[in-house]
Amino acid sequence: MIIDGHSLAFRAFYALPVDSFQTQTGQHTNAIHGFIAMLINLLGNERPDALAVAFDISRHSFRTEEYPEYKGTRGETPPEFKGQVPLLQEALHAMGIRTLEKENYEADDILATLATRGAEAGYRVLVVSGDRDTIQLVDDRITLLYPSKQGVSELTRYDAEKVMERYGIRPEQYPEIAALVGETSDNLPGIPRVGEKTAVKWIKQFGSLEEILRRQDEIGGKVGESLRENAHLAERNRRLNRLVRDVELDVELDDLKRGEIDMAAVQQVFAKLEFRTLLQRVGKLAGAEVPVGGAAPAAELVPEKPEAKLLLDEELGDWLAKADRPAVRIIEAGDGFEVGVATPEASVLIHWQPGGRDYALFEQWLASDAPKVFFDAKQQIGAARRAGAAIGGIAGDLLLASWLLRPSTAEKSIAEAVFRFLGEQVPEGDPNQLVPDESSVSDAAALAWYVVRAHASAVERFQSRTIEIYRDIELPLVPVLAALEERGVQIDLPLLEAHDAELTTRVGELQQQAFDAIGREVNLSSPKQLQEVLFEQLDMPKTRKTKSGYTTDAAALAELQVKSPHPFLGALLAHRDANKLRQMVETLIKAVREDGRIHTTFVQTGASTGRLASTDPNLQNIPVRSEEGRRIREGFIHAPEFETLMTADYSQIEMRIMAHLSGDEGLIQAFNEGEDLHRFVGARIFGVPPEEVTNEMRSKVKAMSYGLAYGLSAFGLSKQLGISSAEAKQLMVDYFERFGGVRDYLRSVVDQAKRDTFTETIFGRRRPFPDLASPNRILRENAERAALNSPIQGSAADIIKRAMIAVERRVREAGLASRMLLQIHDELMFEVAEGEWDALEAIVREEMAGAAELSVPLEVQVGHGANWNAAAH
DNA sequence: CAATGAACGTA
DNA sequence: CGTACGTTCATTGC
């Protein structure tokens, strides 16, 4: 393992707040702290046999000789950083780690040299660096660990395959790309107009930078011109970004073998730096006994924080048995697990070895119904599962509690929630940064202590029935969602791949058609370029304005097709369609795991109304409207050991909720008579018998009914139906004349929301609307429409959540092997086991229909089939 | 590189 | 000038 000391220390410096890491003498230590914390993780996870850390000596190197402006744009090194480097090196030496530097070279060159030598000597080499130039080192023996953009303390592993996946090129080609594109941070300008895409395209086309430059005349357009004018830049960049692989170093690989950790020396250096928890962790690495709470006290601790006890076995079991609603925090640290359990008064820290005898009582307690509090319990269930353990007794979840209080934004971290509810700063780094801060890795006990207190404070702020939503819906839903995520849904990969291939061909053909229609090639995905084609080259009438020009969306293009027909428009629309589907299919294909299934993540705090959201991938927006789109659903199948898929969806749940909430007798009657809703409403509005309602009348009524729940205006209705606004207005007047209760209800929702500044669902879920009082009309009216919709959408969310909890429980109690897989807002999907259809259908129908007592029945439609599409009818 | 906007898929 | 989402791509700004 070879580490780029400067680049990582610098990242650590910016990742951790300077002020929180200072010794009593005023020495800053945040970079050192972050670096060591990360190093400990690396040592634990990767267990290298040999290790070196390379540093730059100065800015001066052979590169600045050729090009004095090299890295010239970088500002002064912050003084708070400078003094930390020698101390870091001292700490590394105490830990038995060699540091290297070389006059006239950069740390990168040392990395390149050692990596090359290591690989030649038969090592598998890990290069740890935040400098992209090191990508060129990757090969089948050398892997790069690069700090990821947002990953919490995560390093991304770049092997040759990953580089190919990310950049579409082989690692050794990366510097050629970089030479063309340039590198701002090194003050190396590239060829203007050439970005990553173009560079990769050329490399693929010509094979190498040399070849591109040799055949530069073959490249047309402005980019080609630019390349010819600036070819010298690319050549220079390539000279400068080539890492030197044979720097003379006065070490042999054998000298880098990891030595003993000299705990006495470490203790001395760390005492000077006032690192307490890090000392613990280094002690663990070294196998030394270091007393918890020894060494110097950290300066910024909250005074009353209890000292964490280290307990095992019966002692631990006793402690847990007596703890009253403690918080639990499980942290996955590489291959190990750290657990903190805390009440406001006391805490324990557990170096959990799953399955070990000393931890049996803990694992038993964790799985039991004994009440426990978490932050993001669903994530913690996943962590426990990876340790082979289960979590029961979820009695609180700080993340959910905080979201219920303010559903527009959920706190993303414990630190944010603690600050909000306790006003205390958790000493921890920015979770978006590279460095795993000490509090999140070694101080599970402290985190648990923060969680338990912040949770109590959050729950105290619950008003009215929020506690019911929390206790009866959101908390019991957590294990259900965790189960859904773990189960995943089976995918017919060959089918999707065939579909992808077909779509790819079609996209290509349509693109060509579009190009032929205008006599040139443009990026059909670029609205900007499309505007050029449509409004300048083809001189079509201007469409609706956007912030940056004129819209090219599907509706506008369809309108243009009428006003100013052109073959380009049809090809473009068809291309968009096919390209979008292809993109979706490819995303799904990539999401299929080893087990042949896609495991989405349900974000319980995803929507302000109470709905779930689905990500990575989103399985709640799989196409259904077009025939071609539905073919994607054919790729969602059941596992071979199951008999069929079941889908069960609420029919018109939002309209039913509207009927219930408004108490409108006409609407209630419509549902109670069980006939076609839109036909019934149409008959009333148009004053004809139901059987004389034409399809056109029905679709107008349908659009209006749904639109009303969203705050649709006469203007919007006229736009959508393509009728005059007078006609739209009349339609609405007629509607409200027959269904006055709906109008009164919609009015009352907004009125009440203005008085209360919040809305409420049938079950008492609240959503605040501060903007209802805004003097800004746009903001206020947006808030009014959202407020109108919120009790309706939110109540529907409550209902299906209640149904999910009940169904999951009943299926378990009945001992069925069938299982729930997905929720798509008003629909549930199940995998049905052999011979269980009838039993499952009964449970599903009963629990879905019975999830709420409304003044109209809740109707459930159930379908089955070998795939999602077939199961839909 | 991160943020934003446009476009479009779902309920 | 209809609510609630997530993803992708291109573009822009730092």
Side-chain angles (χ1 to χ4, degrees), chain A residues 73 130 132 147-150 183-185 195-197 407-408 432 522-531 544-557 572-573 576-577 579-588 590-591 600-603 605-626 628-630 632-633 649-650 652-654 703-720 725 728 746 759 767 777-778 781-794 796-797 800 822-827:
Chain A
T73 42
R132 311 176 83 84
S148 66
K149 305 181 261 272
Q150 49 194 19
E183 181 60 72
T184 336
S185 65
E196 192 180 301
K197 291 216 162 206
S408 53
N432 289 321
V522 295
N523 182 347
L524 296 177
S525 304
S526 163
K528 201 175 161 200
Q529 294 181 37
L530 289 178
Q531 286 171 48
R544 173 169 53 85
K545 279 205 167 167
T546 65
K547 281 188 183 164
S548 48
Y550 301 93
T551 184
T552 67
D553 68 20
L557 294 181
L572 173 59
L573 279 166
R576 276 228 184 111
D577 239 36
N579 199 33
K580 173 103 188 172
L581 288 180
R582 176 179 65 149
Q583 188 52 58
M584 282 190 134
V585 172
E586 288 180 355
T587 306
L588 292 176
K590 278 191 212 142
T600 187
T601 302
F602 287 105
V603 188
T605 58
S608 319
T609 50
R611 273 192 180 178
L612 301 176
S614 155
T615 64
D616 301 313
N618 181 355
L619 294 187
Q620 292 179 322
N621 73 340
I622 304 302
V624 69
R625 283 166 201 176
S626 69
E628 188 68 19
R630 277 196 295 278
I632 297 183
R633 293 188 172 218
D649 61 279
Y650 284 113
Q652 294 155 333
I653 187 166
E654 295 197 353
M704 183 158 53
S705 289
Y706 277 104
L708 287 175
Y710 304 141
L712 185 69
S713 64
F715 176 88
L717 185 63
S718 75
K719 265 284 179 230
Q720 193 194 316
S725 54
L746 293 175
T759 60
R767 176 177 174 191
R777 201 189 65 173
I778 310 260
E781 289 181 347
N782 285 343
E784 283 172 7
R785 287 191 300 277
L788 203 70
N789 174 256
S790 235
I792 301 169
Q793 193 184 115
I800 195 161
L822 290 180
Q823 186 247 53
I824 308 99
H825 305 308
D826 66 354
E827 171 183 354

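Within every chain, numbering begins at 1; the chains are lettered A, B, ... in the order of the sequence lines, protein sequences first and strands thereafter. It should be emphasised that the depicted structure is a prediction, and the values quoted were computed from it without experimental measurement.
Nucleic acid contact class of Thr552(A) (heavy atoms, under 4.0 Å, all strands): sugar-phosphate only. Residue Arg576(A) is in sugar-phosphate contact alone, with no base atom involved, counting any heavy-atom pair closer than 4.0 Å across all strands shown. Residue Arg767(A) is in sugar-phosphate contact alone, with no base atom involved, counting any heavy-atom pair closer than 4.0 Å across all strands shown. Gln720(A) comes within 4.0 angstrom of a base, heavy atoms only. Ala554(A) comes within 4.0 angstrom of sugar-phosphate atoms only, judged by non-hydrogen atoms across all strands, and of no base. Residue Val603(A) is out of contact with every strand shown, counting any heavy-atom pair closer than 4.0 Å.
Side-chain N/O atoms of Thr587(A) include one lying less than 4.0 angstrom from OP1 or OP2 on dT8(C). Residue Arg625(A) places no side-chain N or O under 4.0 Å from the OP1 or OP2 atom of dG9(B). An OP1 or OP2 oxygen of dA7(B) is reached within less than 4.0 angstrom by a side-chain nitrogen or oxygen of Thr551(A). One finds no side-chain N or O of Arg777(A) lying less than 4.0 angstrom from the OP1 or OP2 phosphate oxygen of dC1(C). The side chain of Thr546(A) places an N or O atom within less than 4.0 Å of a non-bridging phosphate oxygen (OP1 or OP2) of dA6(B).
Leu581(A) has its CG atom 14 Å from the P atom of dT8(C), to the nearest Å. Rounded to whole angstrom, the span from the CG atom of Asp553(A) across to the P atom of dG5(B) amounts to 16 Å. Remark: P of dA4(C) and CD1 of Ile653(A) are 18 Å apart, rounded to the nearest angstrom. Remark: P of dC8(B) and CG of Asp577(A) are 9 Å apart, rounded to the nearest angstrom. Rounded to an integer number of Å, the gap from CG of Leu712(A) to P of dG2(C) is 6 Å. With rounding to whole Å, His825(A) atom NE2 is found 16 Å from dT3(C) atom P. Protein atom CD of Gln531(A) is 15 Å distant from nucleotide atom P of dG5(B), rounded to whole Å. Note: CD (Glu781(A)) to P (dG2(C)) measures 10 Å, nearest angstrom.
A donor-acceptor contact shorter than 3.5 Å links the side chain of Arg633(A) to the backbone of Ile622(A). Judged purely by atom type and a 3.5 angstrom limit, Glu654(A) has no side-chain atom pairing as donor or acceptor with the backbone of Ile792(A). For the pair Arg630(A) (side chain) and Arg625(A) (backbone), a donor-acceptor distance under 3.5 Å is present.
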| query | Please walk me through it: do Leu822(A) and Thr600(A) pass side chain to side chain contact (heavy atoms under 4.5 Å, CB included)? | reply | CA-CA 9 Å; Leu822(A) 290 180; Thr600(A) 187; 4.2 Å; yes
Could you walk me through whether Ile800(A) and Ile653(A) satisfy the side chain to side chain contact (heavy atoms under 4.5 Å, CB included) test, starting with their C-alpha distance in whole Å, then the side-chain angles of each, then the deciding distance to 0.1 Å, before giving a yes or no?
CA-CA 10 Å; Ile800(A) 195 161; Ile653(A) 187 166; 5.9 Å; no
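Within the 4.5 Å cutoff, the side chain of Leu588(A) has heavy atoms near those of the Leu619(A) side chain. Using a 4.5 Å heavy-atom cutoff, the side chains of Leu612(A) and Gln823(A) are in contact.
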5' to 3', nucleotides 9-14 of chain C under a 4.0 Å protein heavy-atom cut-off (B base, S sugar-phosphate only, - none) gives SSSS--
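Taken residue by residue, residues 608-616 of chain A places heavy atoms nearer than 4.0 Å to DNA chain B at Arg611(A).
With hydrogens and angles ignored, no donor-acceptor pair closer than 3.5 Å exists between the side chain of Asn618(A) and the base of dG6(C).
Nucleotides dG2(C) and dT4(B) are separated by 25 Å at their P atoms, to the nearest Å.
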Scan the side chains in residues 712-719 of chain A for donor-acceptor partners under 3.5 Å anywhere in the protein, sequence neighbours excluded, and list what turns up.
| from | atom 1 | to | atom 2 | distance (Å) |
| --- | --- | --- | --- | --- |
| Ser713(A) | OG | Gly716(A) | N | 3.1 |
| Ser718(A) | OG | Phe715(A) | O | 2.7 |

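For Asp826(A), there are no side chain to side chain donor-acceptor pair (under 3.5 Å) partners at least two apart in sequence or on another chain. The side chain to side chain donor-acceptor pair (under 3.5 Å) test applied to Arg785(A) returns Asn782(A), not counting sequence neighbours. In this structure, Phe602(A) has no ring pair (Phe, Tyr, Trp, His ring centres under 6.0 Å) partners at least two apart in sequence or on a different chain.
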